[in-house]
Amino acid sequence: MNAKAYYESDADLGRLQDKTICVLGYGSQGRAHARNLHDSGLRVVVGLREGSPSFERVAADGLEAAPLARAVAEADLTAFLLPDPDQPQVYRDFVAPALGPGRTLLFAHGFNIHYGQIIPPPEVDVIMVAPKGPGKIVRELFEAGQGVPCLVAVHQDVSGEGLAIGLAYAKGLGGTRAGVIETTFIEEAETDLFGEQAVLCGGVTALMKAGFETLVEAGYAPEMAFFECVHEMKLIIDLVHQGGLKHMRRFVSDTAKYGDVTRGPRIITDQVRRTMKDILAEIQTGEFAREWVLENRAGRPVYSALLRREAAHPVDEVGDRMRAMMKWLGSGGGS
Ligand code: NAD
Ligand code: MG
């Protein structure tokens, strides 16, 4: 079943007009949300840690900042735009004591609510507005009169206005100019984790490394392996991003297309699909969430060790040398 979508005329900014919005965090999403909401005529206070260097940045952007406890105390709506692992502690120390009837908590990712790391009291509304893009783009498109599509979800709806408030917030971000898709905290949390693990981050990096290693082990130059299995990924993905698989296939040779449709399915075997199902099951049962929460509590030993090992992989050493030949690539970060 297709998800429900909302646009400009479905959302009323007036729902947030006389309210104070507290944006917690001034990183990728926080800065973009705060600035877009402010420029949409809404009252925004950015909540920061005492002594945070972001106070200056917020002031330079022409916005108001306050220490966490004070920002939250004034807010009708508090938006959690902190790193997900940091949210539960900030919630316990600063947000929970200030909550009461009529308050709204807003998240940009469903993890902490769905997996019970934050359990708000029953008298508050709990909603999600999640732009499907990094903060930088959320801001740039807003300034250009456009917007990034958003997800909206309602977890707890005491006021009966949760969806309307979420849509107003999405409109303030510019999201309704593009379209806002309705989802649930469960669906967003589980599909987000699955996508990043099986396909986007985990799947794609493992695929590129396996291709690179196969060529290098067979005696081909690592430089060639890098270009064929890593560097050219972007050309293909950009085409898919623009117009789908069909569009990409219009731009590659017939030889490439024949190899694609005959060999691709042999790479993603039934075994791989079974593993995808196992990974999804770990997400659905909360096993992954428990592992990641405990890993954070333990000071991230596995995370640190594995990332250190990854950083030493030859694919990036060769890549760095090749990228030095391509200064025109720049260093485009995502956020
Ligand atoms: P970020 O790391 O860019 O920014 C987080 C900010 O919070 C930083 O300014 C950091 O200094 C501050 N911070 C960290 N710990 C803090 C603490 N204890 N107290 C106060 N401030 C603290 O994070 P982000 O990428 O903007 O993500 C924020 C939320 O948005 C997350 O829930 C994430 O899942 C969600 N989200 C991110 C994206 C994205 O593309 N980056 C897209 C959609 C949703
Ligand atoms: Mg994601």
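In listed order, ligands and their atoms are each counted from 1. Being a predicted model, the structure only gives us computed values, none of them experimental.
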Have a look at L99 and tell me which of V72, T78, V124, T104 forms a side-chain contact (heavy atoms from CB on, under 4.5 Å) with it. V124

Going by distance only, is there an N or O of S28 that falls short of 3.5 Å from an N or O of ligand 1? yes

If we number the atoms of ligand 1 from 1 as shown, the ones under 4.0 Å from a heavy atom of H109 are 32 (O), 34 (O)

Is it possible for you to check whether R300 lies under 6.0 Å from the centre of the six-membered ring of Y303, through NZ or CZ, and within 45° of that ring's axis? yes

For L81, the ligand 1 atoms whose distance to one of its heavy atoms is below 4.0 Å: 5 (C), 6 (C), 28 (C)

Measuring from atom 28 (C) of ligand 1, which candidate in L151, L82, D93 has the nearest non-hydrogen atom? L82

Applying a heavy-atom cut-off of 4.0 Å, say which part of Q87 lies close to ligand 1: side chain, backbone, both or neither. side chain

Residue set satisfying ring-ring contact (aromatic ring centres under 6.0 Å, His included) with F94, at least two apart, ordered chain then number -> none

same_hphob_cluster(I118, F288) at 4.5 Å side-chain heavy-atom cutoff: no

Under 3.5 Å: N/O of R49 near N/O of ligand 1: yes

So which bit of D86 gets within less than 4.0 Å of ligand 1, heavy atoms only: side chain, backbone, both or neither? side chain

Can you list the atoms of ligand 1 that are under 4.0 Å from a heavy atom of D84? 31 (C), 32 (O), 33 (C), 34 (O)

Just to be sure I read this right, does ligand 1 sit under 4.0 Å from the backbone of P131, its side chain, both, or neither, counting only heavy atoms? backbone

Sub-4.0 Å heavy-atom approach of S54 to ligand 1: no

With no hydrogens and no angle check, do the side chains of T191 and E187 hold a donor and an acceptor under 3.5 Å apart? no

Can R323 be said to sit on top of F226's aromatic six-ring, NZ or CZ under 6.0 Å from centre and within 45° of the ring axis? no

Please determine, by modelled atom types, if T176 and E8 share a side-chain donor-acceptor pair under 3.5 angstrom. yes

Pairs involving residues 203-216, ordered by first then second residue, that meet salt bridge (charged side-chain N to carboxylate O under 4.0 Å, His left out) (sequence neighbours left out): K209-E310

With a cutoff of 4.0 Å, is A130 in contact with ligand 1, counting heavy atoms of the residue only? no

So is there a nitrogen or oxygen of G27 less than 3.5 Å from a nitrogen or oxygen in ligand 1? yes

Applying a 4.0 Å heavy-atom criterion (strictly less than), which segment of V90 is in contact with ligand 1: side chain, backbone, both, or neither? side chain

